[in-house]
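Below is one structure, written out as structure tokens; the observations come after it.
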Amino acid sequence: MLRRSFFARTVHEVAPDLIGVTLLVDGVGGPIVEVEAYDPEDAASHGFRGQTPRNAVMFGPPGYAYVYRSYGIHWCLNFVCAAPGRAEAVLIRALRPEHGVDAMRERRGLEAERALCSGPGKLCQALGITRAQDGLALDEPPFELFAPESGPPLAVGPRIGITRAVEQPWRYGLAGSPFLSRRF
DNA sequence: ATGAAGATGAAT
DNA sequence: TTCATCTTCATC
């Protein structure tokens, strides 16, 4: 199991290391196949303009969940990294449905495994993540994180949906996975 | 009090 | 490509 100290590093080290890590929420989830990194010097990050009630968790200690509402409809899950005061976090964008697939299908109202967790909003709906999980520790229930046996092949590319003038190769994924939100 | 933008998803 | 949907935050 991952210890909270796993996240006490720069997001640029943590993000690629999360590919292949199994994420469970109340026993539902699977290996992460896609993430994105956000740091305080990044104009596209929620933390760029300073602390607000919404992004407060980003500025707290590492190893906690930062959950925010996206487009008024969806929820998105992040893992907070780096020392307190530095707003760094990894957006969890997709995972391979492995545990509790039936629960995911029920919550998503879909059958196709391919569509259950292939996007940050979909993933939260499938795992039952809402504001209720904002600020919760990642090494305590309902969360469970398991390191992979070996480092999987990584794909790297620019992030998705970033309209600001920030173009960096900060999206990481499991190369060739059919469960990505988008091909690299 | 008001407005504009947004780390998306699903349908067309 | 379009649009639903509404919170968040900045501004007035």
Side-chain angles (χ1 to χ4, degrees), chain A residues 7 10-19 21 23 25 29 32-60 62 64-82 86-97 103-136 138 154-174 177-184:
Chain A
F7 298 95
T10 165
V11 69
H12 303 297
E13 290 179 26
V14 176
D17 279 1
L18 282 172
I19 300 303
V21 168
L23 162 65
V25 180
I32 294 168
V33 300
E34 184 182 336
V35 302
E36 282 178 357
Y38 289 85
D39 72 38
E41 287 73 45
D42 176 359
S45 171
H46 289 170
F48 183 69
R49 288 162 196 79
Q51 186 173 334
T52 66
R54 174 176 73 157
N55 64 21
V57 177
M58 278 186 97
F59 290 80
Y64 286 80
Y66 164 46
V67 180
Y68 70 92
R69 183 82 107 163
S70 175
Y71 288 89
I73 309 170
H74 317 285
W75 295 103
C76 290
L77 171 68
N78 293 256
F79 293 167
V80 176
C81 301
R86 256 191 84 75
E88 300 197 9
V90 183
L91 172 65
I92 311 302
R93 292 193 55 91
L95 62 74
R96 176 167 65 77
M104 293 186 193
R105 289 201 170 104
E106 197 165 327
R107 288 166 175 157
R108 295 275 296 124
L110 293 169
E111 290 300 309
E113 280 195 16
R114 208 63 53 88
L116 292 178
C117 300
S118 54
K122 301 176 185 179
L123 184 153
C124 282
Q125 185 179 28
L127 272 55
I129 293 172
T130 66
R131 187 169 213 82
Q133 281 73 46
D134 187 38
L136 296 189
L138 296 172
L154 284 189
V156 185
R159 296 171 302 183
I160 292 175
I162 302 300
T163 56
R164 301 175 182 288
V166 181
E167 278 300 321
Q168 296 291 336
W170 290 342
R171 172 178 175 241
Y172 300 95
L174 176 60
S177 171
F179 299 100
L180 299 169
S181 69
R182 198 149 128 187
R183 309 298 177 119
F184 279 83

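A, B, ... follow the sequence lines: proteins, then strands. Residue 1 opens every chain. Just so you know, these numbers use all the heavy atoms, side chains as well, and skip hydrogens, waters and symmetry mates.
What separates CZ of A:R93 from C1' of B:dA7 is a distance of 7 Å, to the nearest Å. Between the P atom of B:dA7 and the CZ atom of A:R69 lies a distance of 15 Å, rounded to the nearest Å. For A:H46 and B:dG6, the NE2 to P distance is 10 Å, given to the nearest whole Å. The nearest whole Å value for the distance from the CG atom in A:L91 to the P atom in B:dG9 is 9 Å. One atom, CZ of A:R49, and another, P of B:dA4, lie 17 Å apart when rounded to the nearest Å. The CG atom of A:L110 sits 8 Å away from the P atom of B:dA11 (whole-angstrom rounding). One can place OH of A:Y71 at 17 Å from P of B:dA4, the figure rounded to the nearest angstrom. The interatomic distance linking A:I73 (CD1) with B:dT8 (C1') rounds to 7 Å, in whole Å.
Nucleotide B:dA1: paired with C:dT11 (Watson-Crick or G-U wobble, both distances less than 3.5 Å). In this structure B:dG6 sits in a base pair with C:dC6, meeting the Watson-Crick or G-U test at under 3.5 Å.
Not one side-chain nitrogen or oxygen of A:R54 sits closer than 4.0 Å to the OP1 or OP2 atom of B:dG6.
Salt bridge status for A:R108 with A:E113: absent, with no side-chain N to carboxylate O gap under 4.0 Å.
Contact annotation for A:R182: no contact, since no heavy-atom pair falls under 4.0 Å across all strands.
Residue A:C117 forms a side-chain contact (heavy atoms from CB on, under 4.5 Å) with just one option from A:Q125, A:K122, A:E34, A:M104, and that option is A:M104. Shown are A:I162, A:D42, A:V156; of these, the side-chain contact (heavy atoms from CB on, under 4.5 Å) with A:W170 is made only by A:D42.
A donor and an acceptor atom sit less than 3.5 Å apart, one in the side chain of A:Y68 and one in the base of B:dA7.
Figure legend: A:R86 and A:F59 shown without cation-pi pairing, the cationic atom not lying both under 6.0 angstrom from the six-membered ring centre and within 45 degrees of its axis.
The residue among A:G72 and A:Q51 whose nearest nucleotide of DNA chain C lies closer to the 5′ end is A:G72.
For the pair A:F7 and A:V80, the tightest heavy-atom approach, listed with the atom from each and the gap, is CB-O, 3.5 Å.
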